[in-house]
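Reviewing the structure listed below.
Letters A, B, ... mirror the listed sequences (proteins, then strands); counts begin at 1. This one's a predicted model, so the numbers in the text were calculated from it and none came from an experiment.
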There are 2 protein chains.
Amino acid sequence: MSADSPLNVTINDVASAAGVSRATATRALKGEGRIADETRKRILETAERLGYVPNTNAAELAAGRTGTVGLMLRDASNPAYGRLFSSLQDEAHRRGLDLVTVTVGADQQGAKQVDALRRLLGMRVAGLIVATGGVNTDQLEPFAEQVPIVRAGRMETGGRIHAVYYDEQTHGRMLAAHVLELGHRRVAVLAGGADVSFTEQLRATAMRGTLADAGAEVTMIAAGAPPEDGVSDALEAVRAGATAVMCASDPRQLAVLRAARDAGIAVPGSLSVTGCDGLLPGGDLLGLTTVRIPVEQVAAAAVEAMQSLLAGGAESQPVRRGFAGELVTGSTAGPPGR
Amino acid sequence: MSADSPLNVTINDVASAAGVSRATATRALKGEGRIADETRKRILETAERLGYVPNTNAAELAAGRTGTVGLMLRDASNPAYGRLFSSLQDEAHRRGLDLVTVTVGADQQGAKQVDALRRLLGMRVAGLIVATGGVNTDQLEPFAEQVPIVRAGRMETGGRIHAVYYDEQTHGRMLAAHVLELGHRRVAVLAGGADVSFTEQLRATAMRGTLADAGAEVTMIAAGAPPEDGVSDALEAVRAGATAVMCASDPRQLAVLRAARDAGIAVPGSLSVTGCDGLLPGGDLLGLTTVRIPVEQVAAAAVEAMQSLLAGGAESQPVRRGFAGELVTGSTAGPPGR
DNA sequence: GTGAAAGCGCTAACAA
DNA sequence: TTGTTAGCGCTTTCAC
């Protein structure tokens with residue numbers, strides 16, 4: 001059946017319209033193999049004229065390989081993931097890698113995450129970049145020997161899975177050191193609980209370590225996912241004597257700042273606040289004290305790793321690269337008040 | 001060849017391991033057609049045991065249809081697109097639609113955009129949601145009769161392409177009315193030029209119209225893509241007597257606020273500033289005066305439209321639904337100073 | 001209720 | 001340089 005509309009045009013239509021065989025048409029379209037210049041041109045023109053759009057499903061099935069890399073992404077409304085997403089895309093474009101993305105809501109259970117994983121694997125992607133904490137090593141490992149898997153943003157312990165990650169320990173320590181240097185000795189640390197955010201836990205634990213090592217008194221507050229969660233506990237701690245609240249993320253920092261404003265607590269006069277991420281547009285105007293996480297570096301390194309894995313075959317050692325960001329000193333943290 | 005690793009397991013392996021034919025295996029796996037309960041269970045178990053991951057490429061090729069909807073997205077580092085992206089994903093998940101996303105950098109030329117379009121079409125997606133201005137009606141039209149196309153976020157004039165969009169005219173008018181109400185009569189409007197952002201142009205034009213109709217004196221400033229662009233021109237206009245700068249986007253508003261701060265101009269004392277988008281986390285703390293665009297509504301309506309198009313076949317009339325957001329009055333705009 | 005067989009659109013040897 | 005011929009992994013009539 002011939003073409004009534006572009007998407008129904010097959011390579012057969014192109015071939016017969018150009019008066020050649022399917023194989024020749026393939027060669028012309030792919031620009032490979034020996035083919036007469038004139039024939040190729042004719043075929044290309046015919047394809048163009050017919051509006052031929054190659055069916056990549058069929059092509060990849062026949063060729064037994066795929067040219068695209070799958071990206072598993074966590075909810076992009078979080079600025080940190082949104083930026084990571086677009087940086088990954090940019091870098092992939094730059095390097096000529098095709099990316100297809102599927103996302104999984106931040107809240108979604110393991111089942112959904114595995115769903116997304118299977119969708120990508122079902123497409124037989126050539127590689128996998130995983131930018132969500134929701135899927136764990138055990139779920140990834142079985143596929144690691146077939147397709148290179150790079151985790152982006154977070155450390156990975158699985159032996160066959162590569163990782164390019166934020167050095168969150170350092171971030172936590174940098175912030176804690178800053179707070180200590182300002183003179184604080186009673187500090188509340190507000191972070192999502194272990195079940196909520198692994199990243200925040202990493203940061204919070206590092207903060208606590210550094211603070212405690214310096215002899216400061218630390219109150220740990222474990223919150224749920226919504227940034228407003230645990231804020232009242234934090235203010236409680238402040239009333240009980242804490243002079244600083246260290247948040248494990250900038251959205252939480254915003255929530256604390258709001259609450260402080262509403263409660264008439266002067267920042268940084270009576271209360272110092274810190275966050276982590278450094279990605280909020282306008283964060284400078286707010287004077288947020290935070291760490292700017294190295295999104296672009298992580299993205300670039302992740303894509304680079306993927307590309308070399310795709311090219312070079314399996315390495316003996318998994319890639320492991322961590323990146324630390326920079327402290328952004330703002331006006332939300334100062335010396336302890338009163 | 002039998003299975004050495006999950007992704008190499010084919011339905012043939014499952015079928016023979018379970019002692020049935022391929023056809024029966026398909027029935028069991030898809031849960032359709034007549035099949036003995038016991039057989040099905042056995043096949044399902046076998047598939048599970050072997051770690052079978054169906055090859056969706058092959059499945060869709062054979063079935064002649066696709067279950068996934070393609071999403072073309074503009075650079076997600078812009079908060080407006082990041083939010084739209086995650087809202088679209090959420091809504092798609094909710095409705096059980098599978099989405100695969102490809103992005104195109106905001107800066108990229110037409111060629112790249114068409115590339116992305118062809119990649120999606122090459123996958124023979126069942127539908128297309130277009131959330132980037134970079135691809136125009138003419139490029140979309142040829143495919144519109146094969147696959148439903150819904151543009152999300154921006155109006156569309158092509159007869160066969162559906163659109164769910166922000167009512168930017170109303171947004172511009174709302175903001176202008178607010179500024180007028182505050183008493184401003186000399187206003188600068190700062191927006192990306194026609195070649196930079198269609199959306200900003202729409203907003204800016206509406207602002208100018210409303211302002212001019214009320215007899216205000218309007219200075220239009222056309223800027224490049226970077227938010228800092230044109231800011232100095234805006235301040236120039238302020239020195240020349242304008243009492244308000246209306247920005248066509250929140251990032252531009254931030255840029256103006258920064259510049260005003262650096263120049264020692266009091267906001268809103270000597271200068272009122274407005275933006276548009278209302279999506280910046282922390283915008284409330286900054287007191288941004290803006291319009292919160294109805295991202296969630298647009299996303300929901302776009303996905304809903306897609307779903308009904310997928311189900312119901314072609315409608316006679318293209319979908320056309322516009323949504324307006326709400327004015328957010330902040331502390332960056334007040335009565336004209338002095 | 002199950003199997004056999006004919007493709008889906010394309011690629012890749014291998015011949016010619 | 002080009003055509004012929006097998007498939008890729010799966011779905012789907014149509015018989016049995």
Side-chain angles (χ1 to χ4, degrees), chain A residues 1-3 5-43 46-47 50-67 118 121-126 146, chain B residues 1-3 5-43 46-47 50-67 118 121-126 146:
Chain A
M1 156 208 0
S2 93
S5 128
L7 294 183
N8 286 338
V9 178
T10 77
I11 200 171
N12 287 314
D13 299 322
V14 175
S16 64
V20 297
S21 76
R22 213 165 57 228
T24 307
T26 295
R27 291 191 197 98
L29 263 2
K30 305 195 53 184
E32 291 172 4
R34 269 179 276 288
I35 187 174
D37 233 42
E38 195 250 332
T39 333
R40 191 196 18 249
K41 206 150 53 172
R42 178 159 41 90
I43 296 173
T46 313
L50 265 37
Y52 172 63
V53 179
N55 184 324
T56 45
N57 279 356
E60 293 175 344
L61 178 58
R65 55 188 151 59
T66 309
R118 294 179 68 94
L121 291 170
M123 298 172 70
R124 294 298 190 269
V125 289
Q146 294 252 352
Chain B
M1 156 208 0
S2 93
S5 128
L7 293 184
N8 285 340
V9 178
T10 77
I11 200 171
N12 286 314
D13 299 322
V14 174
S16 64
V20 296
S21 75
R22 214 165 56 227
T24 306
T26 296
R27 290 192 198 94
L29 264 1
K30 306 195 51 182
E32 293 172 2
R34 268 178 279 286
I35 187 174
D37 233 42
E38 196 249 332
T39 327
R40 190 199 14 251
K41 206 149 54 173
R42 180 160 40 90
I43 295 173
T46 312
L50 265 37
Y52 171 63
V53 179
N55 184 324
T56 44
N57 279 355
E60 293 176 344
L61 179 58
R65 55 190 150 61
T66 309
R118 293 178 69 93
L121 292 171
M123 299 171 69
R124 294 298 189 270
V125 290
Q146 293 254 350

For residues 15-24 of chain B, tabulate all N or O donor-acceptor pairs below 3.5 Å that involve a side-chain atom, not counting sequence neighbours.
residue	atom	partner	partner atom	Å
B:Ser16	OG	B:Asn12	O	3.2
B:Ser16	OG	B:Asp13	O	3.4
B:Ser21	OG	B:Ala23	N	3.4
B:Ser21	OG	B:Thr24	N	3.4
B:Ser21	OG	B:Thr24	OG1	3.3
B:Arg22	NH1	B:Asn12	OD1	3.3

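For DNA chain D, the span of nucleotides reached by chain B at under 4.0 Å from its heavy atoms goes, 5' to 3', from D:dG9 to D:dT12.
Counting only residues at least two apart or in different chains, side chain to side chain donor-acceptor pair (under 3.5 Å) contacts with residues 34-43 of chain B comprise B:Asp37-B:Arg40.
Rounded to 10 degrees, the angle between the two end axes of the helix from C:dG1-D:dC16 to C:dA16-D:dT1 is 30°, with five pairs used at each end.
The stretch residues 34-42 of chain A touches DNA chain D through A:Arg34, A:Ile35, A:Ala36, A:Thr39, each having a heavy atom under 4.0 angstrom from the strand.
Side chains of B:Val53 and B:Val9 form no contact here, defined as non-hydrogen atoms less than 4.5 Å apart.
Pairing each heavy atom of A:Leu29 with each of A:Tyr52, the nearest pair is CD2-CE2, 3.7 Å. A:Val14 and A:Thr46 get closest at one heavy-atom pair: O-CG2, 3.9 Å. The two residues B:Ile11 and B:Ala25 come nearest to each other via the heavy atoms CG1-CB, 3.8 Å.
A donor-acceptor pair under 3.5 Å is formed between the side chain of A:Thr66 and the backbone N or O of A:Arg124.
Listed by chain and residue number, A:Asn55, B:Asn57, B:Glu60 satisfy the side chain to side chain contact (heavy atoms under 4.5 Å, CB included) test with A:Asn57 (two or more places apart in sequence, or in another chain). Looking at residues two or more places apart in sequence or on another chain, you find no side chain to side chain contact (heavy atoms under 4.5 Å, CB included) involving B:Ala59. The side chain to side chain contact (heavy atoms under 4.5 Å, CB included) check on B:Thr56 picks up A:Met123, with sequence neighbours excluded.
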**OP:** Go along nucleotides 10-16 of chain C 5' to 3' and tag each nucleotide: B for a protein heavy atom under 4.0 Å from its base, S when only backbone or sugar atoms are that close, - otherwise.
**Re:** BBBB---
